[in-house]
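To keep things clear, I will list the structure first and then write my remarks on it.
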Amino acid sequence: QVQLVESGGGLVQAGGSLRLSCAASGRAFDYYAMAWFRRAPGKEREVVAHINWSGGITNYTDSVKGRFTISRDNAKNMMYLQMNILKPEDTAVYYCAARPDHYSDNDVSWYDYWGQGTQVTVSS
């Protein structure tokens with residue numbers, strides 16, 4: 001089992017940057033596929049990016065490609081989301097998610113463990 005805690009959210013102007021972190025407790029973090037999801041007001045939770053167990057395979061939703069970067073540091077039990085050129089439409093609660101599997105996926109139902117979320121607000 002793993003517990004996830006997100007941090008790094010906040011209020012930023014359009015065009016700015018934020019770096020989200022997800023700290024995982026428990027052992028064998030490198031056996032977990034990880035992902036970032038977000039839920040904007042009035043919308044369904046959607047995948048932002050996901051990463052396989054080693055960090056060697058990453059995938060992004062089209063709206064963040066070229067602006068966001070997902071990464072992980074298995075030695076530190078950490079996952080990150082570097083968000084650049086932020087837009088007002090990126091405003092949402094961001095969640096990290098994990099599944100004890102080598103392969104990640106963009107389906108919300110794939111993941112077994114979730115953090116509590118961190119709010120990102122981008123002003124225009």
Side-chain angles (χ1 to χ4, degrees):
Q1 196 168 5
V2 65
Q3 293 183 324
L4 305 173
V5 179
E6 303 95 336
S7 61
L11 173 65
V12 64
Q13 288 188 332
S17 298
L18 282 174
R19 188 194 196 203
L20 304 184
S21 298
C22 175
S25 65
R27 296 180 297 177
F29 176 70
D30 54 353
Y31 283 102
Y32 286 81
M34 304 290 295
W36 287 100
F37 285 79
R38 66 186 180 187
R39 177 180 283 162
K43 295 187 176 181
E44 296 288 323
R45 191 173 301 196
E46 65 170 357
V47 68
V48 177
H50 56 95
I51 188 167
N52 76 326
W53 67 280
S54 68
I57 300 174
T58 59
N59 286 278
Y60 299 88
T61 194
D62 286 345
S63 63
V64 308
K65 284 180 180 177
R67 300 189 297 123
F68 291 10
T69 303
I70 188 172
S71 62
R72 64 190 295 164
D73 185 338
N74 287 347
K76 297 181 179 180
N77 283 16
M78 295 292 294
M79 179 179 66
Y80 305 99
L81 185 68
Q82 178 66 45
M83 305 187 295
N84 298 328
I85 318 175
L86 282 160
K87 303 176 180 180
E89 52 264 43
D90 294 318
T91 295
V93 178
Y94 284 71
Y95 300 88
C96 65
R99 175 186 169 98
D101 196 293
H102 279 188
Y103 301 103
S104 59
D105 195 88
N106 61 3
D107 188 341
V108 64
S109 64
W110 179 255
Y111 297 90
D112 301 307
Y113 303 102
W114 293 84
Q116 82 289 349
T118 186
Q119 176 71 47
V120 171
T121 304
V122 184
S123 63
S124 57

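The figures that follow rest on heavy atoms only: side chains count, while hydrogens, waters and symmetry mates do not. Because the structure is predicted, anything quoted here is derived from the model rather than measured.
- A 4.5 Å side-chain heavy-atom check between E89 and S63 finds every atom pair outside the cut-off.
- Proximity of Y80 to S71: side-chain heavy atoms (C-beta onward) are separated by under 4.5 Å at one or more points.
- Of all heavy-atom pairs between S124 and A14, the closest is CA-CB, 4.4 Å.
- A 4.5 Å side-chain heavy-atom check between E6 and Y94 finds every atom pair outside the cut-off.
- Formation of a donor-acceptor pair under 3.5 Å by the N77 side chain with backbone atoms of G26 is found in this model.
- N52 and S104 share no side-chain donor-acceptor pair at under 3.5 Å.
- Atom CZ in F29 sits 12.5 Å away from atom CH2 in W53 (nearest 0.5 Å).
- In this structure the side chain of L86 reaches within 4.5 angstrom of the side chain of L18, judged on heavy atoms.
- Hydrophobic clustering, with ILVMFWY side chains joined whenever heavy atoms are under 4.5 angstrom apart, keeps I51 apart from W110.
- Judged by distance alone, the side chain of Y60 and the main-chain N or O of I70 form a donor-acceptor pair under 3.5 Å.
- Side chains of R38 and D90 form a contact here, defined as non-hydrogen atoms less than 4.5 Å apart.
- Note that the OG1 atom of T58 and the CZ atom of F68 stand 14.0 Å from one another [nearest 0.5 Å].
- Residues V2 and M34 are members of one and the same hydrophobic cluster, defined by side-chain heavy-atom contacts under 4.5 angstrom among Ile, Leu, Val, Met, Phe, Trp and Tyr.
- Side-chain atoms of R99 never come within 3.5 Å of backbone atoms of S109 as a donor-acceptor pair (strictly under, hydrogens ignored).
- Here the shortest heavy-atom pairing between A49 and L81 reads CB-CD1, 4.5 Å.
- When all heavy atoms are compared, the tightest approach of L4 to Q116 is O-OE1, 3.8 Å.
- At least one cation-pi condition fails for R72 and Y32: the charged atom is not both under 6.0 angstrom from the six-membered ring centre and inside a 45 degree cone around its axis.
- Within the model, atoms OH of Y111 and NE2 of H50 stand 5.5 Å from one another, a figure rounded to the nearest 0.5 Å.
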Tell me, with the steps shown, if V108 and E44 meet side chain to side chain contact (heavy atoms under 4.5 Å, CB included). CA-CA 10 Å; V108 64; E44 296 288 323; over 6 Å; no
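- R39 approaches Y95 most closely through the heavy-atom pair CB-CE1, 4.2 Å.
- The two residues G117 and V93 come nearest to each other via the heavy atoms CA-CG1, 3.8 Å.
- You'll find the side chain of M79 reaches within 4.5 Å of the side chain of W36, heavy atoms only.
- The existence of a salt bridge linking D62 and K65 is confirmed by a sub-4.0 Å separation between a basic side-chain nitrogen and an acidic carboxylate oxygen.
- Hydrophobic clustering keeps M78 apart from F37 (ILVMFWY residues linked when any side-chain heavy atoms are closer than 4.5 Å, directly or through intermediates).
- A heavy-atom distance below 4.5 Å is not found between the side chains of V47 and N59.
- Around CD of Q3, the count of heavy atoms belonging to other residues, nucleotides or ligands within 6.0 Å does not exceed 12.
- The two atoms that bring Q119 and T91 nearest to each other are NE2-CG2, 4.0 Å, heavy atoms only.
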